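Chain A is the first sequence line, chain B the second, and so forth, proteins listed ahead of strands; every chain is numbered from 1. No experiment lies behind these values; they were computed from the predicted model shown.
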Protein chains: 2
Amino acid sequence: MEGSGRDTGNALLFLTDEQLRKGIEAMFFAYRGFTADPDRILADMAYGRAHHRAVHFIHRSPGTTVNNLLAMLGVTKQSLNRVLRALVADGLVRNEVGKRDKRERHLYLTPEGDALERQLSDAQRDRMRTAYRAAGPEAVTGFRQVLEAMMDEEMRNRYDALKDLKG
Amino acid sequence: MEGSGRDTGNALLFLTDEQLRKGIEAMFFAYRGFTADPDRILADMAYGRAHHRAVHFIHRSPGTTVNNLLAMLGVTKQSLNRVLRALVADGLVRNEVGKRDKRERHLYLTPEGDALERQLSDAQRDRMRTAYRAAGPEAVTGFRQVLEAMMDEEMRNRYDALKDLKG
DNA sequence: CTTGGAATGTCAACAAAGCTGACGTATTAT
DNA sequence: ATAATACGTCAGCTTTGTTGACATTCCAAG
């Protein structure tokens with residue numbers, strides 16, 4: 001089957017095209033599940049996935065600047081600005097002019113924003129917890145290792161920077 | 001640190017909110033990497049991620065019907081139809097009226113469509129292979145286990161159905 | 001003190017890709 | 001015959017991304 005002719009031994013079987021394809025499809029279907037719960041919650045409000053991401057990262061590093069958030073999300077400032085404007089207008093995010101550098105705007109969640117963040121991350125964590133529990137601790141380690149190896153260099157730096165905040 | 005007061009023992013430490021949050025962020029950043037290479041290739045043509053997905057699944061199960069594809073992708077027929085129309089018009093996908101049931105349209109890739117599929121999946125597999133190689137076979141097993149546990153019931157069925165085709 | 005560049009915000013216009021609702025047409029099933 | 005299914009399509013809307021242009025504010029360097 002899948003006659004590539006060469007069998008490089010069991011140790012490398014996980015690198016066959018078959019195995020790689022399964023990984024690709026697993027990633028696709030799993031990501032749908034990953035976003036499904038927050039999406040459902042947000043659908044009721046006038047918000048979408050972009051708002052979720054903004055709220056998440058502001059929660060993660062309160063006082064972060066717009067530029068920081070931009071680099072984190074990898075979108076244009078115009079796109080982010082539209083999202084932030086809505087969140088500020090609705091009283092979920094607070095905008096504070098920088099003390100040292102007054103060009104910068106530092107972003108914080110209001111209590112209302114915190115409440116939304118908690119609602120969203122609770123739902124997402126629940127699913128993640130269920131998956132972790134089903135797969136077991138060793139699987140979780142492998143899961144994280146592969147994901148980290150899949151990131152672009154720059155994204156991994158961002159990810160590592162977040163890790164250092166508390167973890 | 002992270003004083004939740006209760007320490008349930010090492011066996012369950014991987015279920016702390018900290019660990020779950022890391023998993024969530026890893027998923028987010030990794031998915032960006034996952035789609036980055038195909039996105040770059042598609043950006044040059046008039047295509048996007050939706051075309052990639054359609055081409056991928058038609059390649060996976062040649063002769064699949066529109067309804068099958070619809071369920072696989074989880075979008076509306078209007079949304080899929082727009083994508084398929086473009087692919088057929090550009091000669092990448094072929095449309096065949098069903099023999100048994102003439103209402104159905106069976107979808108196949110043309111040689112040109114196959115070429116695009118190969119280009120895209122080569123790029124995506126390369127990244128996956130690099131990640132797999134870096135993480136090792138045991139990590140890959142864990143990776144797949146967690147992803148599968150993260151899917152919605154219906155998506156897991158779809159995923160399993162694909163697995164049975166060849167794998 | 002002036003000026004260049006950086007950070008931010010905003011306007012306009014557009015595109016990709018999703019959605020709903022409605023309708024038409026073959027074809028099959030009851 | 002009639003109902004249900006599979007598919008296509010039109011119209012219109014939303015979210016979220018994109019470019020490009022331009023103003024403001026402010027830091028820092030000359």
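- Phosphate contact (OP1/OP2 of C:dA6, side-chain N/O of A:Asn67, threshold under 4.0 Å): absent.
- The phosphate of D:dT15 has neither OP1 nor OP2 within less than 4.0 Å of any side-chain N or O from A:His51.
- Atom C1' of nucleotide C:dC19 and atom CG of A:Leu42 are separated by 16 Å, given to the nearest angstrom.
- Ion pairing between a basic and an acidic side chain is recognised when a charged N comes within 4.0 Å of a carboxylate O; B:Arg156 and B:Glu154 show no such pairing.
- You'll find the side chain of A:Leu116 reaches within 4.5 Å of the side chain of A:Met45, heavy atoms only.
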Test log, rule salt bridge (charged side-chain N to carboxylate O under 4.0 Å, His left out), inputs A:Asp152 and B:Arg32
CA-CA 8 Å; A:Asp152 278 337; B:Arg32 303 214 114 221; over 6 Å; no
Taking it one step at a time, do B:Tyr108 and B:Asn95 satisfy side-chain hydrogen bond (donor to acceptor under 3.5 Å, both in side chains)?
CA-CA 7 Å; B:Tyr108 301 90; B:Asn95 224 340; over 6 Å; no
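- Between B:Phe57 and A:Phe28, the ring centre distance stays below 6.0 Å.
- There is a side-chain donor-acceptor pair under 3.5 Å between A:Glu112 and A:Thr110.
- Among the protein residues, B:Ala86 comes within range of no part of the nucleic acid, since none of its heavy atoms lies under 4.0 Å from any strand.
- Between B:Arg40 atom CZ and D:dG17 atom C1' there is a gap of 17 Å when expressed in whole angstrom units.
- Below 30°, between 30° and 60°, or above 60°: for A:His52 and A:His56 the angle between ring planes is above 60°, a perpendicular geometry.
- Rounded to whole Å, atom C1' of C:dA16 lies 11 Å from atom CZ of B:Arg53.
- Of the charged side-chain nitrogens involved, none lies within less than 4.0 Å of a carboxylate oxygen, so that A:Lys22 and A:Glu25 do not count as a salt-bridged pair.
- Within residues 68-85 of chain B, the residues that place at least one heavy atom under 4.0 Å from DNA chain D are, in residue-number order, B:Lys77, B:Gln78, B:Asn81, B:Arg85.
- Between the CG atom of B:Leu87 and the P atom of C:dA16 there is a distance of 13 Å, rounded to whole Å.
- Listed by residue number, B:Asn95, B:Arg103, B:Glu104, B:Arg105 are the residues of residues 93-105 of chain B with a heavy-atom contact under 4.0 Å to DNA chain D.
- In this structure, the CG atom of A:Asp39 is 13 Å from the C1' atom of D:dT16, given to the nearest Å.
- The existence of a salt bridge linking B:Glu96 and B:Arg94 is confirmed by a sub-4.0 Å separation between a basic side-chain nitrogen and an acidic carboxylate oxygen.
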